Amino acid sequence: MKARATFMLLLVVLFWGLTFPMQKAILSEGLSPVFYNALRFAIASLLVIVYEKLKGRNPFRSLFNLRGAILGLFLTGGYVFQTWGLVHTTASKSAFITALYVGFVAVLSPLIERKLPSPMKVMALLISIVGLYFLTSPKGGIQFGDFLTILCSLFFALHVIYISVFTIENDNDEFEMLLPQLLIVTLVNSILIPFIPGKIIFSGGTIFTAAFTAVFATILAVAIQLRYQKHIGSIGASLVYVGEPAFALLFAMIFLGEGASPKETLGLVLMILGIITGSLSILQSKGNVSEN
């Protein structure tokens with residue numbers, strides 16, 4: 001099961017990596033990031049509702065699922081700050097800063113379990129922070145988009161951790177937590193449309209990107225996380241999620257022609273080293289990636 005879980009989560013990472021250049025392309029046209037998020041998650045919510053109806057189930061039976069609502073709030077924070085930050089930074093840089101959430105998971109996961117982080121976890125976070133400095137400070141220090149993306153990585157870390165916390169019990173129905181997450185992200189982003197700069201654009205590119213990400217990077221991704229992440233734990237999943245920025249950089253180079261300077265490349269390498277160190281620290285302490 002661990003091998004299957006790893007493969008399925010790797011598939012999620014591939015789709016996540018692809019979304020960065022796709023979303024950057026449409027956001028560069030002045031599209032409102034929160035309008036885009038609202039559209040993407042509204043499509044995802046509608047598709048889940050239709051699917052549940054076709055299966056003969058009441059799609060709103062889980063509407064007030066508290067665990068799903070909490071996950072939805074974390075997911076909302078992640079996507080609001082990530083997409084807003086993507087307006088002000090490159091797709092590849094956004095992906096690598098977002099990947100800091102893997103380092104945050106390595107530190108926050110034991111804290112939430114009322115355990116102090118090991119020295120190796122602290123070292124992993126420090127390595128990631130140094131890498132972040134090289135990545136984001138070529139001109140004038142951390143930029144506004146970089147700061148927003150750091151906030152997004154913190155929310156995504158909490159989302160990853162609490163997926164493991166909420167799905168570890170075998171008697172839980174993981175998919176009861178899916179629709180509440182999608183609806184909360186849709187609602188909050190819709191409320192924020194008047195307050196965050198950007199235009200409402202219903203172009204073919206916007207609708208296609210929103211639909212594509214709704215299916216593959218939202219419904220499929222969250223469903224796979226809910227189903228499989230518990231088999232390898234938060235830190236074990238982080239070992240897979242570390243591949244996200246690599247896929248994002250690859251796709252950004254292919255589709256957007258983006259690259260990285262030597263200084264930024266050093267930052268990327270250090271961030272990956274920090275992320276891997278933080279993820280492996282759990283193996284050193286307990287010898288089992290599924291301890292979470």
Side-chain angles (χ1 to χ4, degrees), residues 5-29 31 33-45 47-48 75 78-102 135 145 148-149 152-153 155-156 159-160 163 178 181-182 185 189 201 203-229 237-260 264 268 271-272 275:
T6 300
F7 173 79
M8 295 301 292
L9 291 174
L10 183 61
L11 184 63
V12 168
V13 168
L14 187 148
F15 285 122
W16 280 347
L18 181 58
T19 64
F20 283 92
M22 291 181 67
Q23 293 176 150
K24 179 63 178 178
I26 60 172
L27 291 170
S28 298
E29 302 172 356
L31 177 68
V34 287
F35 166 73
Y36 165 76
N37 281 338
L39 179 61
R40 167 181 171 176
F41 281 85
I43 293 173
S45 300
L47 290 175
V48 170
L75 196 62
Y79 276 108
V80 167
F81 289 119
Q82 182 189 65
T83 315
W84 189 7
L86 191 55
V87 174
H88 303 283
T89 190
T90 64
S92 54
K93 184 182 287 188
S94 175
F96 275 92
I97 299 175
T98 299
L100 268 179
Y101 75 84
V102 184
L135 178 63
L148 293 174
T149 311
C152 117
S153 70
F155 277 99
F156 279 144
H159 186 254
V160 168
I163 280 180
L178 177 58
Q181 293 184 67
L182 305 181
V185 178
N189 278 273
I201 302 174
S203 65
T206 299
I207 295 173
F208 172 79
T209 301
F212 180 90
T213 56
V215 174
F216 295 102
T218 306
I219 298 174
L220 182 64
V222 177
I224 288 176
Q225 283 184 289
L226 291 171
R227 174 65 181 85
Y228 290 102
Q229 186 180 297
S238 298
L239 289 167
V240 181
Y241 298 153
V242 71
E244 179 183 0
F247 282 120
L249 179 59
L250 173 64
F251 290 130
M253 292 174 66
I254 294 173
F255 297 115
L256 301 179
E258 291 186 5
E264 291 172 323
L268 302 181
M271 286 185 67
I272 290 177
I275 290 166

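For the numbers below, each heavy atom of this structure counts, side chains included, while hydrogens, waters and symmetry mates do not. We're numbering straight along the sequence, starting at 1. The shown structure was predicted, so the numbers you read here are calculated from the model rather than taken from an experiment.
Asn189 has its side chain out of reach of Phe41: every pair of non-hydrogen atoms, C-beta onward, lies at least 4.5 Å apart. Between Leu226 and Gln181 there is a side-chain heavy-atom pair separated by less than 4.5 Å. Side chains of Leu86 and Tyr36 form no contact here, defined as non-hydrogen atoms less than 4.5 Å apart. The closest side-chain heavy-atom distance from Thr19 to Phe216 is not below 4.5 Å. Using a 4.5 Å heavy-atom cutoff, the side chains of Tyr101 and His159 are not in contact.
Ala248 and Ala95 get closest at one heavy-atom pair: CB-CB, 3.1 Å. When all heavy atoms of Thr98 and Phe156 are compared, the closest pair comes out as CG2-CD1, 3.9 Å. Residues Ile43 and Ala214 share a closest heavy-atom pair of CG2-CB, 3.8 Å. When every heavy atom of Leu14 is checked against every heavy atom of Phe247, the shortest pair comes out as CA-CD1, 4.0 Å. Contact record, Ala221 with Ala217: CB-O, 3.4 Å, taken as the closest heavy-atom pair.
The aromatic rings of Trp84 and Phe81 lie parallel to each other, their planes meeting at an angle below 30°, with 60° marking the opposite boundary.
Distance check: Leu39 CG to Ile207 CD1 gives 7.0 Å after rounding to the nearest 0.5 Å. Separation of atoms CD1 (Ile201) and CD1 (Ile26) is listed at 8.5 Å; rounding is to 0.5 Å. The OG atom of Ser45 sits 8.0 Å away from atom CD1 of Ile219, with the distance rounded to the nearest 0.5 Å. In this structure, OG1 in Thr213 is found 13.0 Å from CH2 in Trp16, a value given to the nearest 0.5 Å. One finds the NZ atom of Lys24 at 8.5 Å from the CG atom of Leu256 (value rounded to the nearest 0.5 Å). Of the inter-residue distances, the one linking Phe155 atom CZ with Leu75 atom CG reads 11.0 Å to the nearest 0.5 angstrom.
For Ser153, there are no side chain to side chain donor-acceptor pair (under 3.5 Å) partners two or more places apart in sequence or in a different chain. Under the ring-ring contact (aromatic ring centres under 6.0 Å, His included) criterion, Phe20 pairs with no residue, sequence neighbours left out. Judged as a side chain to side chain contact (heavy atoms under 4.5 Å, CB included), and not counting sequence neighbours, the contacts of Thr90 are Ser92, Lys93, Glu258. The side chain to side chain contact (heavy atoms under 4.5 Å, CB included) test applied to Leu11 returns Phe15, not counting sequence neighbours. Annotation: side chain to side chain contact (heavy atoms under 4.5 Å, CB included) contacts of Met8 (sequence neighbours excluded): Arg4, Ile224, Tyr228.
Under the 3.5 Å distance criterion, the side-chain polar atoms of Gln23 are left unmatched by any main-chain donor or acceptor of Thr83.
Screening residues 214-225 for side chain to side chain donor-acceptor pair (under 3.5 Å), with sequence neighbours left out, gives Arg40-Thr218, Gln225-Tyr241.
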